[in-house]
Amino acid sequence: MIGFPQAVRPGLTTLGPQWNAARSTHHRIAWLARESSKPARSQVERWTVQASPQWSLEHLKDDPARVQAKLLRAFSEVTGIRATPSQIEIRRWTHARTMMPLGQSALWDDDAQLGLCGDWCLGHRLEDAFISGLELALAAIDVAHSNKAFS
Ligand SMILES: Cc1cc2nc3c(=O)[nH]c(=O)nc-3n(C[C@H](O)[C@H](O)[C@H](O)COP(=O)(O)OP(=O)(O)OC[C@H]3O[C@@H](n4cnc5c(N)ncnc54)[C@H](O)[C@@H]3O)c2cc1C
């Protein structure tokens with residue numbers, strides 16, 4: 001996570017590229033998002049950068065300062081932003097992704113009247129969690145009304 005509060009200037013709305021999010025084919029970086037482009041966020045230029053799973057695995061035990069420097073260099077290469085961020089934070093986020101999703105939106109045990117949902121059912125993103133929860137809720141309502149088994 002990096003921020004450039006020093007870059008907030010009248011008339012300068014963004015720093016660097018004219019896009020706000022991207023999947024990247026750079027070997028170190030998989031995903032970037034300009035946080036300041038999201039609704040109701042502050043104007044301060046801030047980016048979240050996610051390292052690629054492969055590169056993360058290869059560098060899991062590296063010194064955090066070294067990882068930070070390498071990711072920052074990769075960020076500059078992808079975005080063209082050469083400025084030094086005055087805010088920077090790095091997290092080693094293990095178990096970040098579902099490796100093998102369940103493949104169905106939710107689980108329902110009719111006997112126990114118990115359901116399971118979550119991003120892991122369909123993937124690893126917020127949309128997956130949302131759809132999973134919604135589908136389970138709709139199915140549970142359906143079961144309550146008709147007393148049919150969940151499928
Ligand atoms: C740092 C970070 C950044 C992310 N950024 C993005 C992004 O930009 N876009 C995107 O789409 N996705 C992003 N994600 C992924 C997204 O947050 C998840 O896909 C989503 O939150 C999954 O929702 P969920 O309801 O399935 O699980 P969770 O949000 O993990 O909710 C599970 C809940 O269960 C609770 N819990 C666990 N065990 C128990 C227990 N035994 N008893 C009671 N409660 C329990 C937990 O405290 C938690 O509140 C990010 C995730 C992280 C960690």
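Values below: all heavy atoms of this structure, side chains included; hydrogens, waters and symmetry mates excluded. For this chain, numbers begin at 1 and follow the sequence in order. Read the numbers this way: they start at 1 and go in the same order the structure lists the ligands and their atoms.
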Handout entry: Side-chain donor/acceptor of R41 to backbone N/O of P39, under 3.5 Å
Key = yes
Practice task
Measure from atom 11 (O) of ligand 1 to the protein's non-hydrogen atoms and state whether any distance is below 4.0 Å.
Solution key: yes
Problem - Region of W93 that comes within reach of ligand 1 [heavy atoms, distance under 4.0 Å] - result: side chain
Exercise for the section: Considering only protein heavy atoms, determine whether one is less than 4.0 Å from atom 40 (C) of ligand 1. Expected result: no
Problem - Steps toward side chain to side chain contact (heavy atoms under 4.5 Å, CB included) verdict (M1, R91) - result: CA-CA 8 Å; M1 294 170 277; R91 291 269 171 88; 4.0 Å; yes
Practice task
Determine if the distance from atom 46 (C) of ligand 1 to the closest protein heavy atom is below 4.0 Å.
Solution key: no
Completion exercise
Counting from 1 in the order shown, the ligand 1 atoms closer than 4.0 Å to a non-hydrogen atom of H124 are 15 (C), 19 (O)
Problem - Parallel, tilted or perpendicular: ring planes of F75 versus F4, cut at 30 and 60 degrees - result: parallel
Handout entry: Atom CZ of R82: over 12 foreign heavy atoms under 6.0 Å
Key = yes
Exercise for the section: Under 4.0 Å from a heavy atom of E127: give me the atoms of ligand 1 that qualify, with their elements. Expected result: 11 (O)
Fill in the blank from the handout: One should read off an interatomic distance between T79 OG1 and R34 CZ, to the nearest 0.5 angstrom, of 9.0 Å
Exercise for the section: Give the residue and atom name of whichever protein heavy atom lies nearest to atom 5 (N) of ligand 1, and the separation in Å to one decimal. Expected result: Q50 NE2, 4.5 Å
Problem - Side-chain donor or acceptor of Q6 paired with backbone N/O of T84 under 3.5 Å - result: yes
Handout entry: Shortest heavy-atom approach to atom 19 (O) of ligand 1 - which of T98, T48, D119
Key = D119
Handout entry: E45 side chain vs L15 backbone, donor-acceptor pair below 3.5 Å
Key = yes
Fill in the blank from the handout: Nearest non-hydrogen protein atom to atom 21 (O) of ligand 1, with distance, is L126 CD1, 3.9 Å
Exercise for the section: Specify whether the nearest protein heavy atom to atom 2 (C) of ligand 1 is under 4.0 angstrom away. Expected result: yes
Practice task
Check whether any side-chain heavy atom of R28 sits under 4.5 Å from a side-chain heavy atom of H59, and report yes or no.
Solution key: no
Exercise for the section: Using protein heavy atoms only, decide if any is under 4.0 Å from atom 26 (O) of ligand 1. Expected result: yes
Handout entry: Contact atoms of ligand 1, heavy-atom distance to R125 under 4.0 Å
Key = 9 (N), 10 (C), 11 (O), 12 (N), 19 (O)
Exercise for the section: Taking S52 for its side chain and I29 for its backbone only, find out whether a donor-acceptor pair lies under 3.5 Å. Expected result: no
Practice task
Apply side chain to side chain contact (heavy atoms under 4.5 Å, CB included) to the pair S105 and L122, showing each step before the final yes or no.
Solution key: CA-CA 6 Å; S105 56; L122 297 168; 4.2 Å; yes
Practice task
Just jot down the ligand 1 atoms closer than 4.0 angstrom to any heavy atom of G118, in number order.
Solution key: 26 (O)
Completion exercise
Numbered in order shown, the ligand 1 atoms found under 4.0 Å of a heavy atom of A129 are 22 (C), 23 (O), 24 (P), 26 (O)
Practice task
May I ask whether atom 50 (C) of ligand 1 is less than 4.0 Å from at least one protein heavy atom?
Solution key: yes
Handout entry: Pair Q104-E135, side chain to side chain contact (heavy atoms under 4.5 Å, CB included): steps then yes or no
Key = CA-CA 10 Å; Q104 66 184 79; E135 296 242 346; over 6 Å; no
Exercise for the section: Run the contact test for R91 against ligand 1 with a 4.0 Å cut-off on heavy atoms, strictly below, and give the result. Expected result: no
Practice task
Answer yes if a protein heavy atom lies under 4.0 Å from atom 43 (C) of ligand 1, otherwise answer no.
Solution key: no
